[in-house]
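Taking it in order: structure first as structure tokens, then the write-up.
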Amino acid sequence: MQTPRFIGSEIYRGSSYGARHPLSIPRVPTVTDLCRALGWLPPAQYITSPRAKPEALTAWHSPAYIAALQTAEAEARVTPETRARHHLGTLSNPVFPEMFRRPATAAGGSLLATDLIAAGGTVYNPGGGTHHGMADRAAGFCYLNDPVLALKALLAQGLTRVAYVDIDAHHCDGVAAAFHGEPRILMISTHEARRWPFTGALDDRAGGQAINLPLPRGTDDSGFAMALHEVILPALQALCPQAIVLQCGADAVAEDPLSRLSLSNNAHWAAVATLRPLSPRLLVLGGGGYNPWTVGRLWAGVWATLNDLPIPDRLPERARSILAALSWSRRPAIPPDALLDTLRDTPREGAVGDDLRSAIKTLRARQSAWA
Ligand SMILES: [Zn+2]
């Protein structure tokens with residue numbers, strides 16, 4: 001098996017959705033810098049992301065929407081009609097200088113990744129994972145939907161058993177809309193119950209075989225481990241996927257401001273380690289993650305897990321200084337020492353509540369009925 005590849009771009013450094021937006025923080029630059037400081041990212045494993053051409057984006061997005069997005073970037077403004085029709089220039093999807101180039105770069109990275117893993121392999125594109133983008137409009141900080149484009153590219157390669165696993169704190173409504181009733185894609189999503197976008201209920205099968213597991217508020221590592229081993233793992237083992245796309249959003253950790261889940265980054269790394277041997281092709285994407293320290297630490301640990309690299313108990317000064325240099329407009333402006341001195345969180349374990357046990361039982365019963 002070839003060495004894993006890391007797809008990044010300098011476009012993520014210095015571009016921002018605006019000072020008051022949750023995506024004002026650097027995320028891909030932090031994970032890139034941390035991995036380099038730890039000696040984990042030799043030049044041979046790093047690939048600069050290409051920018052997807054507009055034609056490539058129309059594999060799912062409407063040409064009118066792509067044109068509107070390019071026009072909004074060029075003119076640095078949107079008309080009321082564009083705002084109403086395509087949801088550009090809104091609070092969640094504002095006009096900013098790289099509003100086409102940046103998401104087109106994330107999409108270009110995910111599309112390149114599908115070429116790189118065509119014959120097998122592992123690629124990590126932490127700038128990808130924008131799972132709320134819709135065919136004709138922006139949503140939930142996502143302008144384009146790179147997971148959808150990557151999955152479509154994998155299907156175009158002739159694959160017929162592709163798994164999409166999404167452990168972001170929010171339901172992957174854009175991906176669900178794109179593949180409603182598509183038998184070649186098995187979509188599995190864990191997400192916080194009763195949180196925006198309010199889709200992905202337990203009984204929502206996305207027109208076929210999709211597995212949606214809403215996690216009760218406060219779900220910790222123990223609850224997630226139960227979901228991983230009793231729902232996600234057996235479903236993937238039954239499928240024998242030819243490719244897995246993992247959306248590894250970092251917003252389900254306790255310190256994230258946009259969810260009320262209580263995972264530690266150990267939960268995400270366990271998911272990566274568990275999924276890795278289950279398919280010859282693996283594409284790992286980023287996603288949500290709105291605390292600058294936790295997202296950088298979590299995604300750096302994902303790369304370590306993909307490469308079997310030992311995670312040090314304490315960060316060397318070069319790596320620590322990258323975290324110490326970050327600032328945040330929200331509280332805490334200065335994080336607890338553990339978020340600067342370590343990469344690995346203290347595990348957050350506890351009793352698994354009845355709500356989650358019952359949801360898992362329902363999904364297991366459905367799986368065994370199918371087997
Ligand atoms: Zn999210």
Side-chain angles (χ1 to χ4, degrees), residues 3-16 19 22-49 109 122-127 129 221 248-257 262-273 276 284-348:
T3 5
R5 307 294 182 86
F6 182 118
I7 297 183
S9 169
E10 288 300 304
I11 198 165
Y12 302 108
R13 198 185 300 274
S15 68
S16 162
L23 285 180
S24 64
I25 59 168
R27 307 183 323 145
V28 179
T30 305
V31 57
T32 308
D33 293 349
L34 275 175
C35 290
R36 288 196 173 128
L38 287 157
W40 291 349
L41 195 47
Q45 281 182 271
Y46 181 86
I47 298 176
T48 297
S49 183
T122 297
V123 175
Y124 184 31
N125 180 23
D221 292 351
C248 195
D251 48 7
V253 296
E255 298 88 348
D256 195 277
S262 300
L263 304 190
S264 78
N265 55 25
N266 295 281
H268 300 75
W269 301 344
V272 173
R276 220 180 125 203
V284 180
L285 306 172
Y290 307 99
N291 174 315
W293 296 285
T294 58
V295 66
R297 292 163 74 252
L298 193 156
W299 286 351
V302 166
W303 180 242
T305 306
L306 291 173
N307 287 277
D308 294 316
L309 294 161
I311 292 171
D313 289 339
R314 287 183 70 83
L315 286 172
E317 183 49 37
R318 270 188 73 199
R320 187 188 184 282
S321 65
I322 290 160
L323 293 169
L326 297 170
S327 61
W328 200 22
S329 58
R330 299 179 72 122
R331 288 191 298 166
I334 299 169
D337 288 345
L339 291 187
L340 302 182
D341 295 340
T342 67
L343 213 57
R344 183 187 296 280
D345 294 332
T346 304
R348 299 191 181 103

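If you read the sequence from its start, that first residue is 1, and numbering goes on from there. Reckoned from all heavy atoms, side chains included, excluding hydrogens, waters and symmetry mates.
For the atom pair OG1 of T3 and CG of N307, the computed distance is 8.0 Å after rounding to the nearest 0.5 Å. Between the CG atom in L340 and the OG atom in S321 there is a gap of 10.5 Å [rounded to 0.5 Å]. Going from atom OG1 of T294 over to atom CD1 of I25 covers 7.5 Å, rounded to the nearest 0.5 Å.
One N or O on the side chain of W269 and one on the backbone of L298 form a donor-acceptor pair closer than 3.5 Å. Side chain of R27 to backbone of Y12: no donor-acceptor contact under 3.5 angstrom is found. The backbone N or O of S264 lies less than 3.5 Å from a partner atom in the side chain of D221, making a donor-acceptor pair. Listed for the W299 side chain is a donor-acceptor partner under 3.5 Å among the backbone atoms of C248. Side-chain atoms of R348 come within 3.5 Å of backbone N or O of L263 as a donor-acceptor pair. The main-chain N or O of D345 is found under 3.5 Å from a side-chain atom of N266 such that the two form a donor-acceptor pair. A distance-only check finds no donor-acceptor pair linking the side chain of W303 to the backbone of F6 [under 3.5 Å]. Proximity of a side-chain donor or acceptor of N291 to a complementary backbone N or O of E255 within less than 3.5 Å is detected.
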Side chains of residues 311-319: which donor-acceptor pairs under 3.5 Å do they make with residues two or more places apart or in other chains?
none

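Shown here for D256 and A250, the closest heavy-atom pair between the two residues is OD2-O, 3.9 Å. Counting all heavy atoms, side chain and backbone alike, P26 lies closest to L326 at CG-CD2, 3.7 Å. Counting all heavy atoms, side chain and backbone alike, S329 lies closest to A19 at OG-O, 4.5 Å. Across all non-hydrogen atoms, the minimal contact from I7 to S49 is CG2-CB, 3.5 Å. Scanning both residues, P292 and T30, for their nearest heavy atoms gives O-CG2, 4.5 Å.
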Given R36 and I322, is the side-chain contact (heavy atoms from CB on, under 4.5 Å) satisfied, shown in steps? CA-CA 11 Å; R36 288 196 173 128; I322 290 160; over 6 Å; no
Are L343 and L38 close enough, and set up right, to give a side-chain contact (heavy atoms from CB on, under 4.5 Å), and what steps lead you there? CA-CA 11 Å; L343 213 57; L38 287 157; 4.3 Å; yes
Take L339 and L323 through the side-chain contact (heavy atoms from CB on, under 4.5 Å) test and state the conclusion after the steps. CA-CA 8 Å; L339 291 187; L323 293 169; over 6 Å; no
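Residues T342 and R297 bring a donor and an acceptor atom of their side chains to less than 3.5 Å of each other.
Contact of the P257 side chain with the W328 side chain is registered, since non-hydrogen atoms from C-beta on lie closer than 4.5 Å. With a 4.5 Å cut-off on side-chain heavy atoms, P4 and Q45 count as touching. Proximity of H268 to T305: side-chain heavy atoms (C-beta onward) are nowhere separated by under 4.5 Å.
For the pair R330 and Y290, the NZ or CZ position fails the cation-pi test of under 6.0 Å to the six-membered ring centre and within 45 degrees of the ring normal.
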